[in-house]
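Quick note: residue numbers are just sequence positions, from 1.
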Amino acid sequence: MAPGIVEPVVSDQSMRSLSEVTGAYDGTLRFYLNGTKVVLDDADSEVTLLEYIRGIGLTGTKLGCAEGGCGACTVVVSQWNPTTKQIYHASVNACLAPLVSVDGKHVITVEGIGNVKRPHSIQERIAKSNGSQCGFCTPGIVMSLYALLRNNDSPTEHDVEEAFDGNLCRCTGYRPILDAAQTFSVKSGCGKAKANGGGGGCCMEKNGDANGAGCCKKEEQNGDDQPIKKLTPPGFIEYKPDTELIFPPQLRKHEFKPLAFGNKRKRWYRPVTLQQLLEIKSVYPSVKIIAGSTETQIEIKFKGMNYSASVFVGDIPELRTFSFEDEYLEIGGNVVLTDLEKICADAIEHYGPVRGQPFATILKQIRYFAGRQIRNVGTPAGNLATASPISDLNPVFVASNATLVAKSLKETTEIPMSTFFKGYRSTALPADAIIASLRIPVAREKGEYMRAYKQAKRKDDDIAIVNAALRVTLDNEHMVESVDLVYGGMAPITIQAKKAMSFLQGRKFTDLKTLEGVMSALEGDFDLRFGVPGGMATYRKSLALGFFYKFYHEVLVELHAEEEHGDTQAVGEIERDISSGEKDHTASAAYTQKILGSERPHVAAMKQCTGEAQYTDDIPLQRNELYGCLVLSTKAHARLLSVDAEPALELPGVVAWVDHTDVASPEANWWGAPSCDEVFFAVDEVFTAGQPIGMILAATAKQAEAGSRAVKVEYEDLPALFTIEEAIEKESYFNHFRYIKKGDTDAAFESADHVFSGIARMGGQEHFYLETQVCLAVPKPEDGEMEVFSGTQNPAETQAYVSKIIGVDANKVVTRVKRMGGGFGGKETRSVQLAGIVACAANKVRRPVRCMLNRDEDIITSGQRHPFLAHWKVAVNKDGILQALDADVFCNGGWSQDLSGAVIERSLSHIDGVYSIPNVHVRSRVAKTNTVSNTAFRGFGGPQGLFIAETYMTEIADHLNIPVEELRERNFYKPEGNMITHYNQELKDWYVPLMYKQVQDESHYAQRRSEIDEFNKTHKWNKRGLAIIPTKFGISFTALFLNQAGALVHIYHDGSVLVAHGGTEMGQGLHTKMCMIAAEALRVPLSKVFISETATNTVANASSTAASASSDLNGYAIFNACQELNARLQPYRDRMGPDTPMKDLAHTAYFDRVNLSAQGFYKTPDIGYVWGANTGQMFFYFTQGVAAAEVEIDTLTGDWTCRRADIKMDVGRSINPAIDYGQIEGAFVQGQGLFTTEESLWHRASGQIFTRGPGNYKIPGFRDIPQIFNVSLLKDVQWENLRTIQRSRGVGEPPLFMGSSVFFAIRDALKSARAEFGDHSILHLQSPATPERIRISCADPILKRAWVEPQEGEKSFFVAI
């Protein structure tokens, strides 16, 4: 935890005065929870709503990030809205909401709307549509959709997509969730419309009016409340709005009383009138004012801020009013942003589109401002008071010349917004005043133009990199009368471009020299240095210029002056269509059996959708349980001079300090596989920021956090390395060297027509599983036994290291895993670190200990995908046939080796892509740096190797001026050519060439290529790109001994079957497939097969669930156990009939003393590669696929969208196509994130990772997926050589690399963008292709004038490792 910060000490006199002012305030909270009245006379002032509801056992609502960025904690708070005078059902982030905020309201959690036996139609449709994989995000997604339907039971398709802008999912790829949600949407909002199942009585349909201007409802005061007749899809529960939880009648009569409650550390005050608030401010000016708590709770959680007195102002009606005046709109300071959207839309209608321009700009900025949950509680006053330099609304308020009305007990002050911001996070608001309202002037009827702009890493729910509000007024001769050019993200405050504004004043706007003069002046206004805080100097400067360029030409269009020198193509932004997609549901028809091959929902999907699925932190509190909080290094490399835990041990609730002295022996402190080179607890030296030093144990999580901050650590800094390049320069490597050599590369380079070389550079990727690392260790009273509940993919290794650290044999430790909220490889080894520490702590105090990492702790301590660097050289003949490949491949291993060696080995085996190269020599090194220890991540080096392959293919195609699609095809492995890889493995059942053709045909690739070429010829700034990427992915652990699995199958008297196997469930549907295999083999209904958990006392020595091999290994082990049971039951089937129910068979066999339990085992045959010798078979088989993607980019901003993706996978005979489709879509979107939006950055000065949560690390959201997203499985072929269970192929990892088709489509678009301005040089594009990287890869004059070069010795603010 970070060191804590406490606000300035409050004088006793202030507190006494505050007590006097609030002496008559009530101390009781009253609200409803899922329809039940709750009265709290002694509410805990320090807990959030999430902590309260989980604390009372409603664990369906999850903690995913604690900063309101992932939506896992979403609940609905129903309330009377004083702004709209209606009941509003607000989706809110329970992790941010203070408990005081729900007084007088109705809180609804996922448990309150349905359960497995009687699910809500939302829960049922998401479950049956395969919209839940790991399920950790699902309750929040359910509640976001529930909030939408409670407020509008006839939402449009756009309403549905927009409802999820505050929710993230890492597993599904979003498509099945949207498909389920869109079953509630309507095309049109009228119940009489034919589109909605009505009788055709809609006046708009009759009159042919698509815009709704002639809608009869607009004339009716009360409207038509007739419910829209929706057609319920077959197999789904009908949605009936009239059966929902009602808003409790008692709350309609609820008297909002002023509240005051709390303890010595923290007191809450909730005034209900403006007068009461001003009285509090008068006696205690520095009291913390809280409306939405969207920033304050983050300060408390992550920065250790402690506000001893806070005032909640969300229930003061006077601050939530608005009025349309003649010359301005006045809005209360505390109007929530959701209401502000409606107010602005009404204002545009009230004042007209011309005078309403300021409100259109506000509406536009709010649209992409955070998620709906934040907009439901965030307020303009909160935005203004925090004075964020990247606020989206503040530039609009300044540019529109708004006036802020500040009120104190003494006076009312009007402050022009142009003078409000004084410095970083400081304003002109008097200390004893509050922001009462904001007056936003309307625009002039003629001659005034105003626009707003924003660019972020991701379109939805993201903070701006740069934003702007630009306004100009012109006379009849187009001379500039007044101007405001206001920017955010360009300085420590919201700032006016004063030089540019001064230049513009009095100039003729339509004169081209005016544009040139403003651009030059903006360069002076924003003369950023290379190492500017926040980084991205060139990009930010180019955005400032680009926004004005867009604005200038938008105004020319309005003036109808674009004919002179207008650049109309700079006008507008990329807009998405409603997303859609298709799947081939007949793919498995040829081989579907009774159960296997059929589409079935995830076996736990309904439990996950209703919040009943139990995750590790949902396990009820154990008696005497303590909570652990890690103390982590804040230095990248340093000696530990001293660690003093005494200040922590003096704090209330703190019980113990645990460090390296508490392990069973000094040797037991070491762990790591395969190299035991890492310590659980640092001893004398730390090697990375985030390395565990110790753990504080306390009675509650909050007390443990406070204790961890109180531990004093003194360091002596040592030199640190961060990047691969720095490691190469210093020759800092782990002792692991691998190579693959085939043929004679030197001779091939000598004789080839061309030799090209280049560099492939690829960033890492944070796992961002929604459930962070978590463990509960329960010591037993006898023999040193311990039970460990861990969110791990690797129970056996967890068991082994726990037994080592506590000093007992492995048979005394049981590791249990029910399910995980995502894993993706991040819980294969890194989960062992937390489990070992927690077990050590539990062993020391002999009490249960629980620890679930915060999102920031998880990111800084648990590792990522390895960043890669490759220097490649390729020989190719003039016909485009590859002759040789030579490459040096490096990965950033971080501070310990972990699985880095195996990761880079897999990259070498995939560096050929799908291409036959006769001569290959590739070598690898693992860089040793002072960053977090990087680890397994879906693909495990495969995507990095494949990326190197596609990088050299695209660059060679550019060198030779051959279409890259053609170059790929010429070099495929093919039966009539070569089918032997560079590691001497023959490819069998090879269908990449077939799928490559099918995807092109089915996606109309050639036709779209022509259309894109035409589009790019006629569009200067927006460019489209297209790419098709094939893949092959080897299935097997490269460590031979791991390719084994065991299973245990029990048949009970009643015919039910219990299966245990070594694989863990993390959302990938493994348990679902295993149940199906057992059900089919034993000839029982799927409902009769159950898997309770994965545990080391049922299946011993299990391999980790990884390498996409778990279905193959565990499936065959289960099948073998079932075959054994079938053999024992066969005499009874012969005697009693083949269709005899299992209940009868088992009953009879039991009384004949037949063993109804069987153990199964399986090991993968044939494999066993030998490095160096280049002999033996490396993989059992290859999963193959092809994906095509189309994108559009805005080269002025770097903004982009994926217009379409078409994927085809060869998964053999699918065990469950629904599960496989989910894996393909989820992997593709995760891969798209890897290659585009997801960028990990380190802060150079501190050596700490900067991107440590959803606020600044951007995984794809609902509206980042391809607009058209089509997926199909290869069918109508034979898999003659596939000897897996059901002849299926592993599917978890292989589709991930196909997300790179989006990256290569972006590169294709960038080629056109560069050519537009005469740059035909080879583009070396690094991954990820962030908006910044897209923009600075262009070649236009605006970018060139914005370019910022580093001064001598100057380094960037951030480091990409």
Euclidean distance, Met820 CE relative to Thr616 OG1, rounded to 0.5 Å: 8.5 Å

Distance-minimising heavy-atom pair for Thr792 and Ser831: OG1-OG, 2.8 Å

Geometric class of the His1061/His1071 ring pair [parallel <30°, tilted 30-60°, perpendicular >60°]: perpendicular

Check against side-chain contact (heavy atoms from CB on, under 4.5 Å), Val1099 and Asn1114: CA-CA 11 Å; Val1099 176; Asn1114 295 290; over 6 Å; no

Close side-chain approach of Thr59 to Gln614, heavy-atom, < 4.5 Å: no

Minimum heavy-atom distance between Lys988 and Asn1281, given as atom pair plus value: CB-ND2, 3.8 Å

Gln773 and Gln833 side chains, donor-acceptor separation under 3.5 Å: no

Aromatic plane relationship, Phe1119 with Tyr1116 - under 30° parallel, 30 to 60° tilted, over 60° perpendicular: perpendicular

Salt-bridge criterion met for Asp1220 and Lys1073 (N-O under 4.0 Å): yes

Note, Ile1035 side chain near Phe1179 side chain (heavy atom, < 4.5 Å): no

Spacing of CD1 belonging to Ile1167 relative to OG1 belonging to Thr1038, to within rounding of 0.5 Å: 9.5 Å

Non-hydrogen side-chain atoms of Cys775 and Val788 separated by less than 4.5 Å: yes

Point-to-point distance, once rounded to the nearest 0.5 Å, from CD of Glu857 to CG of Leu630: 6.0 Å

Heavy-atom pair of closest approach, residues Ala587 and Tyr591: O-CE2, 4.0 Å

Within-4.5 Å side-chain heavy-atom neighbours: Pro1295 and Gln1223: no

Donor + acceptor pair across side chains of Ser132, His602 (<3.5 Å): no

Gln799 and Thr815: side chain donor to acceptor below 3.5 Å: no

Separation of Asp1112 CG from Phe1180 CZ (nearest 0.5 Å): 7.5 Å

4.5 Å side-chain heavy-atom contact, Ile904 and His866: no

Polar side-chain atom of Arg819 near backbone of Cys134 as donor-acceptor pair, under 3.5 Å: no

Side-chain heavy-atom pair Arg830, Asp898 within 4.5 angstrom cut-off: yes

Over 12 foreign heavy atoms within 6.0 Å of OH, Tyr1150: no

Main-chain N/O of Ala1117 paired to Asn1120 side chain as donor or acceptor, under 3.5 Å: no

Asn1043 (side chain) donor-acceptor with Ser1036 (main chain) under 3.5 angstrom: no

Distance-only polar pair, side chains of Arg1083 and Asn1126, donor-acceptor under 3.5 Å: no

Donor-acceptor under 3.5 Å (Arg906 side chain, Gln944 main chain): no

Listed partners of Glu797 passing side-chain contact (heavy atoms from CB on, under 4.5 Å), at least two apart: Ala673, Asn794, Tyr801, Thr829, Val832

Nearest atoms (heavy-atom pairs only) where Thr1072 meets Pro601: CG2-O, 3.7 Å

Polar side-chain atom of Gln1159 near backbone of Gly1046 as donor-acceptor pair, under 3.5 Å: no

Pair Phe1033 + Phe1297: ring centers closer than 6.0 Å: no

Charged N-O contact under 4.0 Å between Lys594 and Glu1080: no

Listed partners of Asp858 passing salt bridge (charged side-chain N to carboxylate O under 4.0 Å, His left out), at least two apart: none

Point-to-point distance, once rounded to the nearest 0.5 Å, from NZ of Lys804 to OG of Ser665: 7.5 Å

Trace of the side-chain contact (heavy atoms from CB on, under 4.5 Å) decision for Leu1086 with Cys1075: CA-CA 7 Å; Leu1086 183 58; Cys1075 287; 3.7 Å; yes

With Gln1230, the side-chain hydrogen bond (donor to acceptor under 3.5 Å, both in side chains) member among His767, Arg938, Gln765: Arg938

Donor-acceptor pair, side chain of Ser588 and main chain of Ser1214, under 3.5 angstrom: no

Centroid separation His736 to Phe734 less than 6.0 Å: no

Atom pair CD (Glu766) and CD1 (Ile859), whose distance is rounded to the nearest 0.5 Å: 4.0 Å

Residues Trp1279, Thr1284; criterion side-chain contact (heavy atoms from CB on, under 4.5 Å); working and verdict: CA-CA 10 Å; Trp1279 294 277; Thr1284 56; over 6 Å; no

Side-chain heavy-atom pair Leu1273, Pro1217 within 4.5 angstrom cut-off: yes

NZ/Lys1143: more than 12 non-hydrogen atoms of other groups inside 6.0 Å: no

Min side-chain heavy-atom separation Pro674-Leu899 under 4.5 Å: yes

Verdict with reasoning, Phe1041 to Ser1103, per side-chain contact (heavy atoms from CB on, under 4.5 Å): CA-CA 9 Å; Phe1041 67 91; Ser1103 299; over 6 Å; no

Flag for Gln608-Gln133: side-chain donor and acceptor within less than 3.5 Å: no

Polar side-chain atom of Glu905 near backbone of Arg738 as donor-acceptor pair, under 3.5 Å: no

Minimal non-hydrogen separation, Asn1155 against Ser1157, with atom names: OD1-N, 2.9 Å

Check: Thr1183 side chain, Gly1290 main-chain N or O, donor-acceptor pair, under 3.5 Å: yes

Heavy-atom donor-acceptor pair, Asp1054 side chain to Ser1056 backbone, under 3.5 Å: yes

Backbone of Asp989 reached by a side-chain donor or acceptor of Gln1184 within 3.5 Å: yes

Ion pair Lys62/Glu771, N-O distance below 4.0 Å: no

Shortest non-hydrogen contact from Gly1292 toward Ala1227: O-CB, 4.0 Å

Single hit among Val817, Leu1070, Val603, Thr1105 for side-chain contact (heavy atoms from CB on, under 4.5 Å) with Glu1065: Leu1070

